[in-house]
Amino acid sequence: MSFPLSRRIADLQSSDIRLMTRACERVGGINLGQGLGDLPTPPSVREGAITAIQTNRNRYSLPEGIGELRRAIAAKLIRDNALDADPEREIVVTPGATGAFAAALTALFDPGDGIVLPEPYYGYHLNTIRLCDLDPHFLTLQGPGFELEEAALRSALRPNTRAILLCTPSNPSGKMLSEEEIRRVERVAADHDLLVITDEIYEYLTYDGRQHRSPAAVGGLRERTVSIFGFSKTFSITGWRLGYVVAPEPLAAAINLVNDLLYVCAPTPLQYGVLEGLRAAPDYFTHLRATYQRKRDLLCEGLAAAGLEPLIPNGAYYVLADIGRFGYPNAKAGALALLEQTGVAGVPGSAFYRSGEGERLIRFCFAKEDAVLREAVARLRRFRPAG
Ligand code: GLN
């Protein structure tokens, strides 16, 4: 039977993140492609969820999440993000930051609305924008600094632009927006009455003493910002699918309506697990940063030694490496050859760029055990030029 598929998905393809994971599994390789996060989950988080299951807290929660968790999130937002949010009206717990993003786009925009997407971008952002029939306006940021310039942002706007998406620290570049760059966004958003949507899932993974700055905490942005966070990376629970949105009340209410329709609620016992995680002493986060910084350095030094020049990331747990000198016709051919020759999988840079710039790049994830990273680094030295 040939049944026509939805027009909304006609041009969408599964991400190369998936392709490389499957290809890597076929050869039993080391997967530095997908951001899987191999670190152990803190015992308190695991036990919080197990206890909730064993004590039969297995039913639906309110669509916006359990009250205790929203109150703990509000305290965390004050402590770590300088954000004041009402846990009853301005915080919605969602199935991951991905669920938050889908619910936010569905609730806040109409088909044809435009949204500025800085490039390199996370492919799921682009494809979810497309799935919602929105119009992505690309704003290419140039490496290695990926500076967000006000004039470039202004020239990315079109008559239908309604929002600007900010992923900081960024997947895939690790770029962290500075206060000054966020002020540029604030000026442009105020001049054109735009919303700002953030993805701050890597907020705790920042290096060399850098501090994450939440866009909503800068100037007057709070009133026009939908801030999206998640627990996947912070507690190494990428499979749990738990995140949340912070937004002014009318926006949060609309997002919660869609969250209810799409998901009913985020998994209740797992919400109890992250509640325990949020009670962790602040040194958990210091330790997390130090652990990831060591992994970043280990992988970046190894990439440099293997001739895959890394663009050292300031945050998140990925590094873009330049494979241009190996002479492969494009990033996918390079990534597949790398997997074949070394058994190490990365994601072709083209998955993060609409323009050709990604064709010289491969993204590697360093959220792996040190021993796995060391083995990967040793293998990367076997990579040979095309032909
Ligand atoms: N965020 C992770 C990545 O960029 C995982 C994404 C996914 O599997 N969709 O690799």
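Values below: every heavy atom of this structure, side chains too, minus hydrogens, waters and symmetry copies. When a residue number appears, it is its place in the shown sequence, counting from 1. As the structure lists them, so they are numbered: ligands from 1, and atoms in each ligand from 1.
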* Asked: Counting heavy atoms only, which part of Leu36 comes closer than 4.0 Å to ligand 1: side chain, backbone, both or neither?
  ->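 Answer for Leu36: neither.
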* Asked: Between Phe235, Phe285, Phe229, which is the residue that forms a ring-ring contact (aromatic ring centres under 6.0 Å, His included) with Tyr204?
  ->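 Of Phe235, Phe285, Phe229, ring-ring contact (aromatic ring centres under 6.0 Å, His included) with Tyr204 is met by Phe285 alone.
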* In chain order, what residues pass the ring-ring contact (aromatic ring centres under 6.0 Å, His included) check against Tyr263, with sequence neighbours excluded? ->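 ring-ring contact (aromatic ring centres under 6.0 Å, His included) check on Tyr263 returns nothing, list empty.
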* Counterpart residues, ring-ring contact (aromatic ring centres under 6.0 Å, His included), relative to Tyr121 (two or more places apart) ->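 In terms of ring-ring contact (aromatic ring centres under 6.0 Å, His included), with neighbours along the sequence ignored, Tyr121 is linked to Phe138.
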Which atoms of ligand 1 sit under 4.0 Å from any heavy atom of [X]?
X	answer
Gln34	7 (C), 8 (O), 10 (O)
Ile17	3 (C), 4 (O), 10 (O)
Asn171	1 (N), 3 (C), 4 (O)
Arg363	3 (C), 4 (O), 10 (O)

* **Test item, Tyr202 contacting ligand 1 (heavy atom, 4.0 angstrom)** =>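 Right, Tyr202 reaches ligand 1.
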* Asked: Is the closest heavy-atom distance from Lys233 to ligand 1 below 4.0 Å?
  ->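 Checking ligand 1 against Lys233, which is what was asked, there is a heavy-atom contact under 4.0 Å.
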Please determine whether a side-chain nitrogen of the Lys or Arg among [X] and [Y] lies less than 4.0 Å from a carboxylate oxygen of the Asp or Glu.
X	Y	answer
Glu186	Arg183	yes
Glu369	Arg374	no
Arg7	Asp133	yes

* How far is atom 6 (C) of ligand 1 from its nearest protein heavy atom, and which residue and atom name does that atom have? ->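 Result: Tyr122 OH, 3.1 Å.
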* Asked: To the nearest 0.1 Å, how far is atom 2 (C) of ligand 1 from its closest protein heavy atom, and which atom is that?
  ->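 Closest protein heavy atom to atom 2 (C) of ligand 1: Tyr318 OH, 3.2 Å.
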* With distance as the sole criterion, is a donor-acceptor pair present between the side chains of Thr206 and Gln211 under 3.5 Å? ->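 No donor-acceptor contact under 3.5 Å links the two side chains.
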